[in-house]
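Working notes, beginning with the structure itself.
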Amino acid sequence: MALPQLNNARYEVTIPSTGQTVTYRPYLVKEEKILMMAMESNDSKMIMKATSDVIKACVYEDIDIDKLAMFDIETLFIALRSKSVGESIDLNIKCDECDAKNDLQISFDDIKKPEIDEDSKVIMVTDDVGITLRYPSFKDIGSMKPGTEESIEGAMNLVVQCIDNIFDDNGVYDAKNETKKSLTDFVESLNNEQFVRLSEFFQDTPSLSYDMTFECVSCKHKNVQELRGLQSFFT
């Protein structure tokens, strides 16, 4: 005799960068196992892959995970987690003063959603030459070499990958029609001040965030911390 099939509730969430509303179900025990194993590994690549695999399994619509911005992935994952494990999340946060660990709980509803400013994508490097950037995709972040995230090499590669177009008074030059070398040469021709403007775009990339205030259980120091990004809530 066949075992009974369980019906899972369906929910909706809007992907911030596209405005598309997708339907999803809570993740199951088999999928939670994948997440737990990734978390225990403390390997960012494994965590990203596990997150991607679970989203693909739980979202009913056909979406291209690789092309979504990282804050889209964060939004989808938090939505999944909130319906899979409850409306709040338990975190273990270190005190800034004494490093003692504090057990805290926050509601998923209190996590700030990404705020997108389309105008911030356009960076003028001179009075008549500008660059239109796009937010780093899941694939962009996943393709970065381990250990280069904070390096000049990593920043340079990310800028080149995320150029949408370059424009001046004579026209618009689509990055898709340019070679990686020509784009790299262009970026390398910028002065320090111009490159910093581009770097600031990535530093200010929208992300899930939560402003946490708590008194340390050990030293009573009042902590004010911002949780930001997927791994801050992956626990």
Tell me, with the steps shown, if Asn192 and Val196 meet side-chain contact (heavy atoms from CB on, under 4.5 Å). CA-CA 6 Å; Asn192 182 67; Val196 167; 4.1 Å; yes

Under the side-chain contact (heavy atoms from CB on, under 4.5 Å) rule, what do Thr23 and Glu61 come out as? Steps first, then yes or no, please. CA-CA 7 Å; Thr23 309; Glu61 286 78 6; 3.3 Å; yes

Assess the residue pair Phe195 and Val159 against the criterion (side-chain contact (heavy atoms from CB on, under 4.5 Å)); give the C-alpha distance rounded to whole Å, side-chain angles, the decisive distance to 0.1 Å, and a yes or no. CA-CA 9 Å; Phe195 186 74; Val159 168; 4.1 Å; yes

Test side-chain contact (heavy atoms from CB on, under 4.5 Å) applied to Val224 and Asp211, step by step: CA-CA 7 Å; Val224 179; Asp211 296 323; over 6 Å; no

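Formation of a donor-acceptor pair under 3.5 Å by the Gln194 side chain with backbone atoms of Asn191 is found in this model. Judged by distance alone, the side chain of Thr51 and the main-chain N or O of Ile47 form a donor-acceptor pair under 3.5 Å. Distance alone, capped at 3.5 Å, is enough to place a donor-acceptor pair between the Asn223 side chain and the His221 backbone.
Tracing side-chain contacts under 4.5 Å through hydrophobic residues (I, L, V, M, F, W, Y), one reaches Val122 starting from Val172; they form part of the same cluster. Transitive grouping of hydrophobic side chains (ILVMFWY, heavy atoms separated by less than 4.5 Å) brings Ile63 and Tyr27 into a common cluster. In this structure, Leu183 is a member of the same hydrophobic cluster as Met156, with clusters built from ILVMFWY side-chain heavy atoms closer than 4.5 Å. Cluster annotation: Leu104 is connected to Ile106 through the hydrophobic network of ILVMFWY side chains, with a link wherever side-chain heavy atoms come within less than 4.5 Å. Hydrophobic clustering, with ILVMFWY side chains joined whenever heavy atoms are under 4.5 angstrom apart, groups Tyr11 together with Ile15.
Atom OH in Tyr173 sits 10.0 Å away from atom CZ in Phe186 (nearest 0.5 Å). In this structure, the separation between OG1 on Thr184 and CD on Glu178 is 11.5 Å, given to the nearest 0.5 Å. Atom CG of Asp43 sits about 11.0 Å away from atom CE of Met48, to the nearest 0.5 Å. Cys216 contributes atom SG, which lies 13.0 Å from atom NZ of Lys101 (distance to the nearest 0.5 angstrom). To the nearest 0.5 Å, the span separating CD1 on Ile89 from CZ on Phe108 amounts to 4.5 Å. Note: Leu208 CG to Phe71 CZ = 10.0 Å, rounded to the nearest 0.5 Å.
Side-chain contact check for Thr75 and Asp72: no donor-acceptor pair (N or O, by modelled atom type) lies under 3.5 Å. The closest side-chain donor-acceptor pair between Gln225 and Asp96 falls under 3.5 angstrom. A donor and an acceptor atom, one from each side chain of Thr14 and Gln20, are nowhere located under 3.5 Å apart. Ser84 and Glu32 share no donor-acceptor pair across their side chains, judged by distance under 3.5 Å alone.
Counting heavy-atom neighbours within 6.0 Å of Glu87 CD, excluding the residue itself, gives a total above 12. The environment of Asp127 atom CG is sparse: at most 12 non-hydrogen atoms of other residues, nucleotides or ligands sit within 6.0 angstrom. Within a 6.0 Å sphere centred on CE of Met124, heavy atoms belonging to other residues, nucleotides or ligands number more than 12.
Residues Cys219 and Cys95 are in side-chain contact: their nearest non-hydrogen atoms beyond the backbone lie under 4.5 Å apart. Two residues are said to be in side-chain contact when any heavy atoms from C-beta on lie closer than 4.5 Å; Val129 and Phe167 fail this criterion. Residues Val54 and Leu80 have side chains in contact (heavy-atom distance under 4.5 Å, counting atoms from C-beta outward). At a threshold of 4.5 Å between non-hydrogen side-chain atoms, the residues Thr21 and Val13 do not count as touching. Using a 4.5 Å cut-off on side-chain heavy atoms (C-beta onward), Leu91 and Gln105 make no contact. Inter-residue side-chain proximity for Ser209 and Lys112 is flagged as met; some heavy-atom pair is nearer than 4.5 Å. The shortest side-chain heavy-atom distance between Leu158 and Pro136 falls under the 4.5 Å cut-off.
Less than 6.0 angstrom separates the ring centroid of Phe201 from the ring centroid of Tyr135.
Residues Ser120 and Ile123 share a closest heavy-atom pair of O-CD1, 3.5 Å. The two atoms that bring Met70 and Phe138 nearest to each other are SD-CD1, 3.6 Å, heavy atoms only. Closest heavy-atom contact between Lys45 and Ser143: NZ-N, 4.2 Å.
Between Arg197 and Glu200 no salt bridge is recorded (no basic side-chain N to carboxylate O distance below 4.0 Å). Looking at Arg25 and Glu31, a side-chain N of the basic residue comes within less than 4.0 Å of a carboxylate O on the acidic one, giving a salt bridge. Salt-bridge formation is detected for the pair Asp140/Arg134: a Lys NZ or Arg NE/NH1/NH2 atom is positioned less than 4.0 Å from an Asp or Glu carboxylate oxygen.
The side chain to side chain contact (heavy atoms under 4.5 Å, CB included) with Leu133 is formed by just one residue from the set Asp164, Ile163, Asn165; it is Ile163.
Scored by the side-chain hydrogen bond (donor to acceptor under 3.5 Å, both in side chains) test, Asp103 finds Asn92 as partners (sequence neighbours excluded).
Note that Arg228 lies outside the cation-pi zone of Tyr210, set by a 6.0 Å cut-off to the ring centre and a 45° limit from the axis.
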